[in-house]
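The structure appears right after this line, and notes come after that.
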2 protein chains.
Amino acid sequence: MNIKATLIAVSESLFDRHGFTATGMDKLTRGAGISSRTLYKHAGSKSALIASVLSEREKRFLRRLEVTSTAALFKALEDWVRVEGCRNCLFLRAYGETGGDTPEVAEVVLAHKARMIEKIADIVALETGRADDPQLVEQIVVLFEGATAAAVYRGERAVVAAGKAATTLVQRACV
Amino acid sequence: MNIKATLIAVSESLFDRHGFTATGMDKLTRGAGISSRTLYKHAGSKSALIASVLSEREKRFLRRLEVTSTAALFKALEDWVRVEGCRNCLFLRAYGETGGDTPEVAEVVLAHKARMIEKIADIVALETGRADDPQLVEQIVVLFEGATAAAVYRGERAVVAAGKAATTLVQRACV
DNA sequence: GTAGATGTAAAATGATCGTTTTACACTTGG
DNA sequence: CCAAGTGTAAAACGATCATTTTACATCTAC
């Protein structure tokens with residue numbers, strides 16, 4: 001019944017399915033069952049709506065990634081892909097569609113990526129016992145990003161393979 | 001002086017910089033210095049122009065990837081990123097912006113990804129001596145895709161790390 | 001020398017863009 | 001009871017969308 005929550009949920013699925021620029025405000029109002037006046041009162045503008053959608057998505061995403069091992073991290077991504085589908089990273093898609101020129105959007109995207117790196121760094125540190133291994137962290141970040149992107153055309157296989165590669169690399173660093 | 005070639009080159013850079021949907025036909029005609037009539041005579045339609053842009057980009061991309069080792073593959077990607085910048089995979093961006101619903105675009109994108117997998121499979125087979133190692137191929141594909149995506153916010157570091165990870169994994173399979 | 005191809009500029013097509021506004025109905029708290 | 005808040009529907013905003021058309025200039029080849 002919460003208008004803003006349903007607006008954001010509807011917007012997320014439409015943006016994800018058809019793209020940000022290609023999804024007009026009329027499709028959003030129609031989808032959420034509200035007037036354009038109400039939409040603008042709650043969302044402010046299209047850019048702000050996109051930023052809100054991404055912020056909410058990040059919360060939901062991070063809730064699924066509360067893990068303490070690399071293997072569990074990629075298992076969590078596997079679950080995410082199974083439940084939410086794989087249409088590539090919505091953050092990078094938003095960044096790309098706006099050319100990085102919409103500050104409210106760019107900020108949310110880059111902040112999200114920074115948080116992801118931190119999270120992965122924590123997991124790697126916990127697992128290897130080493131406080132800092134930037135090269136290994138970078139590799140796991142790349143595998144995570146690659147699994148998300150490749151899943152578009154390879155499906156879950158990509159995530160499984162990425163998880164195996166990640167555990168192999170982390171294992172090697174534990175010796 | 002070739003009108004179609006310059007049109008495609010200009011379109012590629014505008015699409016890459018600002019996104020496909022956000023780039024209108026007037027910016028393309030203005031950018032290429034031609035009339036809209038001439039644009040449509042050469043390109044057919046916007047979807048067809050996008051498909052042409054991607055086809056030309058693939059040719060240029062593959063020409064840079066004529067290598068015979070995993071290490072060289074990622075070095076080539078490093079060069080590509082340095083020369084052409086890193087705004088994420090333009091093929092997946094096109095696929096995402098059109099929701100995969102524009103057949104001419106979807107076809108070029110998926111065909112390109114299929115060719116990339118084949119190329120990587122060939123390199124891996126050549127390097128390991130094994131005819132077929134689908135899991136390892138999948139891992140290198142994910143690393144390649146991940147390097148491209150992560151380079152948006154990590155720059156060349158991501159590509160370097162991906163290359164190191166790839167050679168490590170391939171080496172392991174050679175023993 | 002004229003027909004055909006290839007280009008231009010510019011206007012018109014009807015649809016759709018994001019956003020604001022006008023006018024009206026319903027609830028809720030003082 | 002009425003003022004404030006929150007919602008609706010619908011129209012209007014000027015801009016821009018992809019595409020087509022009309023009218024005209026320039027080259028090239030037979």
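Chain letters run A, B, ... following the sequence lines, proteins first and then strands; every chain starts at 1.
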Review point. With a 4.0 Å cut-off on heavy atoms, is G44(A) in touch with a base, just the backbone sugar-phosphate, or nothing at all?
Key: nothing
Sorted by chain and number, sequence neighbours left out, ring pair (Phe, Tyr, Trp, His ring centres under 6.0 Å) with Y95(B) holds for none
message = Which label fits H112(B) and F91(B): parallel for a plane angle under 30°, tilted from 30 to 60°, or perpendicular past 60°?
response = parallel
Residue pairs meeting side chain to side chain donor-acceptor pair (under 3.5 Å), one or both in residues 22-31 of chain A, sequence neighbours left out, come to none
Query - ILVMFWY network linking L136(A) to M116(A), side-chain heavy atoms under 4.5 angstrom - result: yes
- Start with the C-alpha distance between S45(B) and E104(B), add both sets of side-chain angles, then the distance that settles side chain to side chain contact (heavy atoms under 4.5 Å, CB included), and finish with yes or no. CA-CA 11 Å; S45(B) 68; E104(B) 351 177 28; 4.3 Å; yes
Ordered by number, residues from residues 98-107 of chain A within less than 4.0 Å of DNA chain D (heavy atoms) are none
The reported gap from CG in L77(A) to CD in E156(A) (rounded to nearest 0.5 angstrom) is 10.0 Å
Sorted by chain and number, sequence neighbours left out, salt bridge (Lys or Arg N to Asp or Glu O under 4.0 Å) with R157(A) holds for none
So the side chain to side chain donor-acceptor pair (under 3.5 Å) pairs with at least one residue in residues 132-145 of chain B (sequence neighbours excluded) are Y153(A)-E145(B), R154(A)-E138(B), K113(B)-E145(B)
Review point. Are the side chain of R93(A) and the backbone of D16(A) linked by a donor-acceptor contact shorter than 3.5 Å?
Key: yes
Rounded to whole Å, OH of Y40(A) lies from C1' of dT6(D) at a distance of 19 Å
Please set out all donor-acceptor pairs under 3.5 angstrom arising from side-chain atoms of residues 167-175 of chain A, sequence neighbours excluded.
{"from": "T167(A)", "atom 1": "OG1", "to": "G163(A)", "atom 2": "O", "distance (Å)": "3.2"}
{"from": "T167(A)", "atom 1": "OG1", "to": "K164(A)", "atom 2": "O", "distance (Å)": "2.9"}
{"from": "T168(A)", "atom 1": "OG1", "to": "K164(A)", "atom 2": "O", "distance (Å)": "2.8"}

Taking it one step at a time, do V67(A) and F74(A) satisfy side chain to side chain contact (heavy atoms under 4.5 Å, CB included)? CA-CA 10 Å; V67(A) 297; F74(A) 284 85; over 6 Å; no
| With respect to the phosphate group of dG7(D), does any side-chain polar atom (N or O) of H42(A) fall under 4.0 Å of OP1 or OP2? | yes
Residues pairing under side chain to side chain donor-acceptor pair (under 3.5 Å) where one sits in residues 118-130 of chain A, two or more places apart or in two chains, turn out to be T70(A)-E127(A)
I50(B) CD1 to dC17(D) P, in whole Å, measures 14 Å
Here the distance between atom P of dA18(D) and atom NZ of K41(B), to the nearest Å, is 21 Å
Note: contacts of residues 17-29 of chain B with DNA chain C (heavy atom, under 4.0 Å) are none
When rounded to whole Å, the CG to C1' distance for the pair N2(A) and dT6(D) reads 14 Å
From CG of L39(B) across to C1' of dT19(D) the rounded distance in Å is 10 Å
With a 4.0 Å cut-off (strictly under) to non-hydrogen atoms of chain A, the first and last hit nts on DNA chain C, 5' to 3', are dC17(C) to dA23(C)
When you compare the protein's N or O atoms with those of nucleotides 10-14 of chain D, which come within less than 3.5 Å of each other, and at what distance?
none

So the stems of DNA chain D, runs of at least three Watson-Crick or G-U pairs (under 3.5 Å), are C:1-12 with D:19-30, C:14-17 with D:14-17, C:19-30 with D:1-12
message = Using the rule that Ile, Leu, Val, Met, Phe, Trp and Tyr join whenever any side-chain heavy atoms are under 4.5 Å apart, tell me whether I117(A) and L126(A) fall into a single cluster.
response = no
**Study point:** Any donor-acceptor N/O pair, R17(A) side chain to G99(B) backbone, under 3.5 Å
**Key:** yes
*Is the backbone of V159(A) close enough, under 3.5 Å, to the side chain of E78(A) for a donor and an acceptor to pair up by distance?*
no
Quick note, side chain to side chain donor-acceptor pair (under 3.5 Å) partners involving residues 31-40 of chain B, not counting sequence neighbours, are S35(B)-T38(B)
